[in-house]
Structure formats: structure tokens, C-alpha cells
Amino acid sequence: MLPILSPYLSGPFANYGKGVGLHTGHTAFTLDEQMKNGMLHHEINSFAQKKGVIKSRSQASVWHMHYTLQILPSIIVAHSVLQQPLTLSLKSVFWHTQLQQLQLPDQGISLYGTNTETRYSDLIFNHLAPLHEWLEQHFSISNKVLWSNCTFRFNQFLHAIEHALGHSEHLANEKRMLLSERHINGQINPLCSKPIMLTNSLSTYRIRNHCCLLHDVPNKSHCNDCPKLPQHIAHYSANRE
């Protein structure tokens, strides 16, 4: 865990902080180098095969859902709660396969009071975007699936953080900027997608924009908000972008 996050990710929340830490020197290869030298490809194959996932696209998405579960809680707390963006360029960070931890060279610097785009630009455009391009190239998975995974995770963790800390206009604005604004720093925001909402007799809820393929894990079924569920297919087809 990053030391700056220990007051927030402790006790029942401690597991959410284990996915990001400071570089220990265990590996000399940055994540960018691990992508180029075959180490990350081997890691993803091994991770997915242990779960019984054989299809290439599904391997990538299953690993990516795990990866975002590991890294995003710490990143969101640092960037949105502390307003201390972390160094996240693929050329500056390391993936520790044994710990399943993203390791950073430092804890970033405080940019309290700056806008959301400034604090999240490095994560979106220098970490996630090139990682997604690499996954698409090597595993034939659509970028849209990977960004949909990220949108799900941001919704999940921003909601959890607000539930733990109490309602905050700042956090509500962070969520709006990240998930609803079409552009970030003059570039198209890949996290932003048209919400697909469905209303039944009990409630109104959002359907995922793309299936995450986790149902390809043996003994797993489709998620409750999956667009491939029979009760969602017609509505999804009529309202997707």
C-alpha cells in the first residue's frame, strides 16, 4: 500500500489498497518493457488459464477486470480524495506479478484545487489508453470492451468512496467529469459513453455498454447488468451508440 493512503484504506478497506505500492526493486522492467518483452503477455495467459479461460479475447478482459480492481481504488482515493495525482506512465511504473501489485516510483505531488482533467490525464492517456491498445493488438479484444470495464470500475469505486466518506459535491463533480464529459484536456474522453438505462417494475438501472466476458470463466454466469442477458438484448440493441 502507498503510505499516503493508509489513513483511508485501512481496517475493512485494507484489501483495496494492496494493489498499488512503491517500487521495491523486485523487477527492473517497467510495465512498458514488460509489454514489449513478452512478460506481460505470459502473465495474462497464465492468470487466465488458471481460471480456466481459453479464448484470447476473454483472457484479456478477465485479466483487465482483475487489474482495474487492483489499481483503481488506490488511484481514485489519491487523485480524487487527496487530490494528489500519482505517476502512472507505463514507462515509469512496474507490475509485480507475485504480489499482483502496480509499483510506482513515488507518491506523486499534491495538486489540491486543480481540475479533474489535470489530475487524471496521465492515468487515462499515458497508462490505460496505451495498455488497451496493446491488449487489442495482442488479444484481439475491442478497446470499447476495455473502456466499458473501466467505466464500470469508476462507477463502482466512486460510489463506494462516497458511501464511506459521506456525500461530497467534489466527488459528484469528479464522477460527472470523468464519466459524462465528452472531452478531457481537449481529447475525446474514452470513459464517456451513452448511459443505457432500463426501467422495470421495481427500479431503473444501467446496463453495461459492453459485455466484460467474465461469463467465460467456468461456473460464472452473465453479470446482472450484462447487455447479453435475454431481458436486456432488445433494449440494448435499440439504445446503444
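For the numbers below, each heavy atom of this structure counts, side chains included, while hydrogens, waters and symmetry mates do not.
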Exercise for review: Could you tell me which non-hydrogen atom of Arg119 sits nearest to which non-hydrogen atom of Thr114, and how far apart they are?
Suggested key: NH2-O, 3.1 Å
Review point. Under 4.5 Å between any side-chain heavy atoms of Thr151 and Arg206, yes or no?
Key: yes
Exercise for review: Output all residues satisfying ring-ring contact (aromatic ring centres under 6.0 Å, His included) with Phe157, sequence neighbours left out; order by chain, then residue number.
Suggested key: none
Exercise for review: Indicate the atoms forming the closest heavy-atom contact of Met1 with Gln101, along with that distance.
Suggested key: N-NE2, 3.9 Å
Point to revise | Non-hydrogen side-chain atoms of Leu90 and Thr30 separated by less than 4.5 Å | key: no
Point to revise | Same apolar cluster (I L V M F W Y, side chains within < 4.5 Å links), Leu179/Ile207 | key: no
**Study point:** Exercise: identify the closest heavy-atom pair between Ile141 and Ala60
**Key:** CG2-CB, 3.8 Å
Check your understanding: Would you call the rings of Trp63 and Tyr67 parallel, tilted or perpendicular, where under 30° means parallel and over 60° means perpendicular?
Key -> parallel
Practice item. For residues Cys211 and Cys226, report the shortest heavy-atom separation together with the two atoms involved. Key: SG-SG, 3.8 Å
Point to revise | Rounded distance (nearest 0.5 Å) linking atom CG of Leu214 with atom NE2 of His66 | key: 12.0 Å
Check your understanding: Side chain of Ser6, backbone of Pro3: donor and acceptor closer than 3.5 Å?
Key -> yes
Practice item. Tell me, with the steps shown, if Lys228 and His215 meet side chain to side chain contact (heavy atoms under 4.5 Å, CB included). Key: CA-CA 10 Å; Lys228 291 183 178 179; His215 63 272; 4.0 Å; yes
Practice item. Following the transitive rule for hydrophobic clusters with a side-chain heavy-atom cut-off under 4.5 Å over Ile, Leu, Val, Met, Phe, Trp and Tyr, establish whether Phe47 and Val53 coincide in one cluster. Key: yes
**Study point:** Interatomic distance, Leu178 atom CG to Ile124 atom CD1 [nearest 0.5 angstrom]
**Key:** 5.5 Å
Point to revise | Co-membership, hydrophobic cluster, residues Leu165 and Phe13, 4.5 Å side-chain | key: yes
Practice item. Identify the heavy atoms of Cys223 and Leu229 that sit nearest to each other, and give their distance. Key: O-CD1, 3.3 Å
Point to revise | Pairs meeting criterion side-chain hydrogen bond (donor to acceptor under 3.5 Å, both in side chains) with involvement of residues 77-90, two or more places apart | key: Ser80-Tyr120, Ser80-Glu174, Thr87-Asp106
Practice item. State plainly whether one hydrophobic cluster holds both Leu69 and Leu2, where clusters connect Ile, Leu, Val, Met, Phe, Trp and Tyr through side-chain heavy atoms under 4.5 angstrom apart. Key: yes
Review point. Would you say Phe94 has more than 12 foreign heavy atoms packed within less than 6.0 Å of its CZ?
Key: yes
Check your understanding: How many angstroms lie between atom CD of Gln34 and atom OG1 of Thr97, to the nearest 0.5 angstrom?
Key -> 7.5 Å
Exercise for review: Please report the C-alpha distance between Leu72 and Leu123 in whole Å, then the side-chain angles of each, then the deciding distance to 0.1 Å, and finally whether the side chain to side chain contact (heavy atoms under 4.5 Å, CB included) criterion is met.
Suggested key: CA-CA 10 Å; Leu72 285 182; Leu123 169 66; 4.2 Å; yes
**Study point:** Heavy-atom side-chain proximity of Val62 to Leu213 below 4.5 angstrom
**Key:** no
Check your understanding: Atom SG of Cys150 and atom CE of Met65: how far apart are they, to the nearest 0.5 Å?
Key -> 9.5 Å
Exercise for review: Tell me whether the centres of the aromatic rings in Phe29 and Trp95 are closer together than 6.0 Å.
Suggested key: no
Review point. Are Gln100 and Glu43 close enough that a side-chain donor and a side-chain acceptor fall under 3.5 Å?
Key: yes
Practice item. May I ask you to decide if the ring planes of His41 and His138 are parallel, tilted or perpendicular, using 30° and 60° as cut-offs? Key: perpendicular
Exercise for review: Indicate the atoms forming the closest heavy-atom contact of Gly17 with Ser74, along with that distance.
Suggested key: CA-OG, 3.6 Å
Practice item. Let me see the working for Leu128 and Leu146 under side chain to side chain contact (heavy atoms under 4.5 Å, CB included), right down to the final yes or no. Key: CA-CA 9 Å; Leu128 293 174; Leu146 301 173; over 6 Å; no
Review point. How many angstroms lie between atom CD1 of Ile76 and atom CG of Leu82, to the nearest 0.5 angstrom?
Key: 13.0 Å
Practice item. Please tell me if the side chains of Glu136 and Leu131 come closer than 4.5 Å, counting only heavy atoms from C-beta onward. Key: no
Practice item. Name all pairs fulfilling the side-chain hydrogen bond (donor to acceptor under 3.5 Å, both in side chains) condition that reach into residues 152-168, sequence neighbours left out, sorted by first residue then second. Key: Thr68-Arg153, Arg153-Gln156, Asn155-Lys175, Glu162-His167, His167-Glu169
Review point. Tyr8 and Ile161: side chain to side chain contact (heavy atoms under 4.5 Å, CB included), yes or no, with the steps?
Key: CA-CA 10 Å; Tyr8 298 91; Ile161 291 167; over 6 Å; no
Exercise for review: State, with a plain yes or no, whether a side-chain heavy atom of Pro130 is found less than 4.5 Å away from one of Phe125.
Suggested key: no
Review point. With a 6.0 Å cut-off on ring centres, are His96 and His23 close enough?
Key: no
Practice item. Flag the pair Leu31 / Leu102 as yes when at least one side-chain heavy-atom distance between them is below 4.5 Å, and no otherwise. Key: yes
Check your understanding: Would you say the side-chain atoms of Ser46 pair up with the backbone N or O of His42, donor to acceptor, closer than 3.5 Å?
Key -> yes
Review point. Any cation-pi pair here, Arg57 with Phe139, using under 6.0 Å and within 45°?
Key: no
Review point. Within the distance-only criterion (no hydrogens, no angle test), does the side chain of Ser180 pair as donor or acceptor with the backbone N or O of Met177 below 3.5 angstrom?
Key: no
Review point. Quick one: do Leu99 and Leu9 end up in the same hydrophobic cluster if we chain Ile, Leu, Val, Met, Phe, Trp and Tyr together by side-chain heavy atoms under 4.5 Å apart?
Key: no
Practice item. Hey, could you give me the CD1/CG distance between Ile75 and Leu104, rounded to the nearest 0.5 Å? Key: 7.5 Å
Practice item. Could you check if a side-chain atom of Ile196 sits within less than 4.5 angstrom of a side-chain atom of Asn209, using non-hydrogen atoms only? Key: yes
Check your understanding: Side chains of Asn189 and His183: do they bring a donor and an acceptor to under 3.5 Å?
Key -> no
Check your understanding: Centroid-to-centroid, His232 to Tyr205, below 6.0 Å?
Key -> yes
Review point. Under a 4.5 Å cut-off applied to non-hydrogen side-chain atoms, are Asp122 and His127 in contact?
Key: no
